[in-house]
Amino acid sequence: MFCRVLGIVLCAAALTVYFASHSIGTVVVTTLACSLLFQLVYFVSVLLLIWRPGLVSRAGQRAEDFDSCKEVGSEPPNLDEVTNESADLLQRDQMLAISLLLP
């Protein structure tokens with residue numbers, strides 16, 4: 001799906017540049033630049049998909065720990081346990097992102 005949309009957008013951009021400049025060289029350079037830009041945006045969006053859920057889950061876990069400690073008056077859970085859970089979530093999200101990149 002992504003490749004189809006990418007192809008359609010690149011063809012539309014190439015046609016637009018050709019009708020504006022009437023230069024094949026400009027079309028090739030512009031199309032390559034657009035292609036690199038789209039790939040960069042896709043890569044950054046996948047990185048954000050990996051990074052953001054881990055950040056949100058860690059913040060939510062810290063807020064829950066704070067609330068439970070305040071109500072009960074106990075010590076917060078061991079930092080190593082929270083860190084290990086966060087690392088497991090991050091590893092799972094990375095595997096999901098890698099599987100999205102594979103055909």
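Since the structure is predicted, the reported quantities are computational estimates derived from the model, not experimental observations.
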If hydrophobic clusters are built from ILVMFWY residues whose side chains come within less than 4.5 Å, do [X] and [Y] share one?
X	Y	result
Val28	Phe19	yes
Leu37	Leu6	no
Val17	Val29	no
Leu15	Val9	no
Leu47	Val41	no

Output for pair (Phe43 CZ, Leu40 CG), nearest 0.5 Å, gives 8.5 Å
Distance col, row Ile50:CD1 vs Ser45:OG, nearest 0.5 angstrom, shows 9.5 Å
side-chain contact (heavy atoms from CB on, under 4.5 Å) test vs Thr30 passes for just one of Thr26, Val27, Leu32, namely Thr26
Note: Ser35 and Leu10 closest approach over all heavy atoms is N-CD2, 3.7 Å
